[in-house]
Protein chains: 2
Amino acid sequence: MNIKKVAELCNVSVATVSRVINKKGNVKKETEEKILKVIEELNYIPNALARNLSKQESDVIGVVVPDVTNVFYTEVIKGIMESASENNLHVIFYNTDSDMEKEINALKMIKEQRLKGALLISALKKSNKDKKLLKKTLETLDMPLILINKYIDNLPYDGVFTDDIMAGYLLTEALIDNKHSNIAILTGAKNSIVANNRVIGYKNAFKDYNIDIKNENIIYADFNSIENSYKIIKKHFSNKDIPKGIIAGNNNITIACVRYFNERKIKINKDVSLVAFDDIEILNWLGVELTVVSQNPKEMGKEAFNMLFNRINNKSIPINRIHVVPELILRGSEKILK
Amino acid sequence: MNIKKVAELCNVSVATVSRVINKKGNVKKETEEKILKVIEELNYIPNALARNLSKQESDVIGVVVPDVTNVFYTEVIKGIMESASENNLHVIFYNTDSDMEKEINALKMIKEQRLKGALLISALKKSNKDKKLLKKTLETLDMPLILINKYIDNLPYDGVFTDDIMAGYLLTEALIDNKHSNIAILTGAKNSIVANNRVIGYKNAFKDYNIDIKNENIIYADFNSIENSYKIIKKHFSNKDIPKGIIAGNNNITIACVRYFNERKIKINKDVSLVAFDDIEILNWLGVELTVVSQNPKEMGKEAFNMLFNRINNKSIPINRIHVVPELILRGSEKILK
DNA sequence: CTGAAAGCGCTAACAG
DNA sequence: CTGTTAGCGCTTTCAG
């Protein structure tokens, strides 16, 4: 079934059928009604492939994500999907497992599919080699692209980012405000840009409040794995006094941390104050109500989609970078109760 | 940049270029090398739209899911994506929020895009109207389609399903084996097919063990919402003795239930035995180690993809329906310790 | 208001 | 081993 058959059955030309499908007007009421009726009867659905090829553009966007099972990304994804569907756009997802090779490959596939645009949550680490490769791929991509979460310098793309430095600062300050001075931060891997920015915020707060920083209090766990983070935390704190203030660097690390504290019978508000990046709904449901800094992932997704939409519709607008203001949600876990 | 330009630059015809792109052979080594070099230099990437239109088939499959933030589906999705990427297929996702209208719309869009096939996790409830509509949509879809999780009778589709009746039976039996006879099941909405099957398994076990079923022990909560389930549970159990045995009907209900027990200081293994459908990783990490029945969602995703792949490659193989055998994982929460 | 026809970029049958 | 050419199904310009 195709447009030609419909045209024949209606005794009109394909052009006319095309006009009514695309609501272009300039069609007599009667003919339009006749065509609509035949389309309905035949269950005819236009071929998007052909339309896209003809129009030289597709109605699909691509989204590249490190891990579709991580609740943070999951929320971003939901935001993107909602907005995309409101705008009749389809979404192809690529999961990279935080692997740069897969990420670059996904980008190439997006190019190959001639998608309308792309959203990228890069897994780029502090690696010059990967950075160069990514930049090169991005350059040849030649399509509207929005960066989410991971800022990459010297690249002319819009993006919506979290202000990790500020977030780190806020959490640290929340602890300092509660008389803490011995504060450990459990952040992501050493080569992770986000992990390092969070530490910078932490350090800035220490400087502003004239407190000395102890290097042993900066612990590099693993953003991508509860299990690995758990091992690192356990190893680091064995046979050691645990600092009274703890900052967990992301959702996975928080869970690892809560688990470790449970095991060692370390109580929040009594033995330790725990604050964290990312607001994990389940933890709240389970009564582990932590003071957190939240980045509103779903809103980030929607925001990123809007940026892409604007960029698609007007390639010449100036580059726009939004830094989402992290929201400090105080739930009491930053205190030690007497 | 297109195949014609590449051909011109190489002084060959488009056919030859096409041959080397698609590794069809029958090209002299030298010419092949020359073409490959030019492609590389020009960063030429073939237009998948055109290829697909020409070949009358696309390299994209569609996946329709009720909720991309639900950990169960998230695992299914990951399984699908892994397998798809291994087979160089792209995946468009549609989120339905368990809304049949959105589901049917997603199916129509899949048709419009002329995708290679589709995987459907339907949100169909016990509604004749919706069922008819879905069947009609599916009939006109005319492409390989695999059902996941939700069996729909009288429909000629392959599928991978959970054996919810058996799963319900296993959990109930685990409690009965531990001297429980007063057992409540917190299942999904009354019109949910899965919810009802789980209850059937529950009832079957009661019959087999000659125990009387109390209607008040079958509680219809909400598969799709922790919050709603929590409210229902709270309301139902207020001013009542809580049965010693509890079966939570899915991951969301389990969390609501654990929350409620925490609040009322009801202790598992002491006041109550709690067993559940779905294995939630986070709960285990947090030390809430429940006896569960698991359906291996990631494997289900991979299995479903394989089925789709087979169906795409051979439309005439007989219909294949896999019922994943639910795995009972005993972790001790089915007991009351003295 | 309508139709004819050129093209979108690629594949594949056919001819050589 | 290589080239010519007819589509794939649709949009869009141009002419009427």
Side-chain angles (χ1 to χ4, degrees), chain A residues 1-36 38-39 42-60 88 90 108-116 142-143, chain B residues 1-36 38-39 42-60 88 90 108-116 142-143:
Chain A
M1 190 50 50
N2 57 30
I3 200 173
K4 203 171 154 197
K5 294 221 182 90
V6 175
E8 279 165 13
L9 279 165
C10 297
N11 290 317
V12 296
S13 73
V14 290
T16 306
V17 178
S18 175
R19 283 191 193 98
V20 346
I21 290 172
N22 296 293
K23 306 193 175 83
K24 293 255 161 134
N26 289 333
V27 181
K28 213 201 297 171
K29 251 240 157 82
E30 303 167 42
T31 32
E32 173 167 1
E33 277 163 11
K34 185 172 59 183
I35 292 170
L36 251 19
V38 171
I39 286 177
L42 267 57
N43 273 313
Y44 166 69
I45 297 183
N47 183 326
L49 243 36
R51 167 191 291 155
N52 292 338
L53 177 62
S54 175
K55 296 223 276 194
Q56 289 284 68
E57 64 162 30
S58 90
D59 50 358
V60 184
N88 289 314
H90 306 249
K108 284 198 181 141
M109 293 176 107
I110 285 176
K111 166 83 181 204
E112 187 173 320
Q113 296 286 320
R114 298 297 191 274
L115 303 188
K116 210 183 180 73
D142 186 36
M143 75 171 57
Chain B
M1 192 50 49
N2 57 29
I3 200 173
K4 203 171 154 198
K5 294 221 182 90
V6 176
E8 279 166 11
L9 280 164
C10 297
N11 290 317
V12 296
S13 73
V14 290
T16 306
V17 178
S18 176
R19 282 189 193 99
V20 347
I21 291 172
N22 296 294
K23 305 192 174 84
K24 293 254 161 134
N26 289 333
V27 181
K28 212 202 298 174
K29 253 238 158 83
E30 303 168 41
T31 33
E32 174 168 2
E33 276 163 13
K34 184 171 59 181
I35 292 170
L36 250 17
V38 172
I39 287 177
L42 266 57
N43 273 313
Y44 165 69
I45 298 183
N47 184 326
L49 244 34
R51 167 191 290 155
N52 292 339
L53 178 62
S54 175
K55 296 222 279 194
Q56 289 283 69
E57 65 162 30
S58 90
D59 51 358
V60 185
N88 288 314
H90 306 250
K108 284 196 180 143
M109 294 176 107
I110 285 176
K111 165 84 179 199
E112 189 173 319
Q113 296 285 320
R114 299 296 191 275
L115 303 189
K116 207 181 183 72
D142 186 35
M143 75 171 60

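Below, chains carry the letters A, B, ... as their sequence lines are ordered, and counting in each starts from 1.
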Counterpart residues, side chain to side chain contact (heavy atoms under 4.5 Å, CB included), relative to Q113(A) (two or more places apart): Y94(A), L115(A), A48(B), D59(B), V60(B), H90(B)
List, with names and distances, any nitrogen or oxygen atoms from the protein found under 3.5 Å away from nitrogen or oxygen atoms belonging to nucleotides 5-8 of chain D.
| from | atom 1 | to | atom 2 | distance (Å) |
| --- | --- | --- | --- | --- |
| dG7(D) | N2 | S54(B) | OG | 3.1 |
| dC8(D) | O3' | Q56(B) | OE1 | 3.2 |
| dC8(D) | O3' | Q56(B) | NE2 | 2.9 |
| dC8(D) | O2 | S54(B) | N | 3.3 |

What's the closest nucleotide to the side chain of P46(A) if the choices are dT2(C), dG3(D), dC10(D)? dC10(D)
Pairs flagged by salt bridge (charged side-chain N to carboxylate O under 4.0 Å, His left out) wherever residues 1-22 of chain B is involved - sequence neighbours left out: none
Heavy-atom distance under 4.5 Å between the side chains of L9(A) and Y44(A), does that happen here? no
Below the 4.0 Å mark, does dC8(C) have OP1 or OP2 next to a side-chain nitrogen or oxygen of K4(B)? no
N/O to N/O distances under 3.5 Å, protein versus nucleotides 14-16 of chain C:
none

Less than 4.0 angstrom between a side-chain N/O of Y44(A) and OP1 or OP2 of dC10(D), yes or no? yes
Using five base pairs at each end to define the local axes, how bent is the helix from dC1(C)-dG16(D) to dG16(C)-dC1(D), to the nearest 10°? 40°
So, is T16(B) close to the dT2(D) phosphate, meaning a side-chain N or O under 4.0 Å from OP1 or OP2? no
For residues 10-18 of chain A, which side-chain donor-acceptor pairs fall under 3.5 Å, sequence neighbours excluded?
| from | atom 1 | to | atom 2 | distance (Å) |
| --- | --- | --- | --- | --- |
| S13(A) | OG | A15(A) | N | 3.4 |
| S13(A) | OG | T16(A) | N | 3.4 |
| S13(A) | OG | T16(A) | OG1 | 3.4 |
| S18(A) | OG | N22(A) | ND2 | 3.4 |

Test of understanding: with salt bridge (Lys or Arg N to Asp or Glu O under 4.0 Å), list the residues that count as partners of R114(A), not counting sequence neighbours. none
Please compare N26(B) and I21(A) by the position of their nearest nucleotide in DNA chain D and report the one closer to 5'. N26(B)
With a non-hydrogen cut-off below 4.0 angstrom, is K29(B) in contact with a base, only sugar-phosphate, or nothing? nothing
Just to be sure I understand the rule, does N52(A) reach a base, reach only the sugar-phosphate, or reach nothing, if contact means heavy atoms closer than 4.0 Å? nothing
Is there a side-chain polar atom (N or O) of S18(A) under 4.0 Å from OP1 or OP2 of dT12(D)? no
Residues in side-chain hydrogen bond (donor to acceptor under 3.5 Å, both in side chains) contact with E57(B), at least two apart in sequence or another chain: K116(B)
Compare all side-chain heavy atoms of I21(A) with those of I39(A) and state whether any distance is below 4.5 angstrom. yes
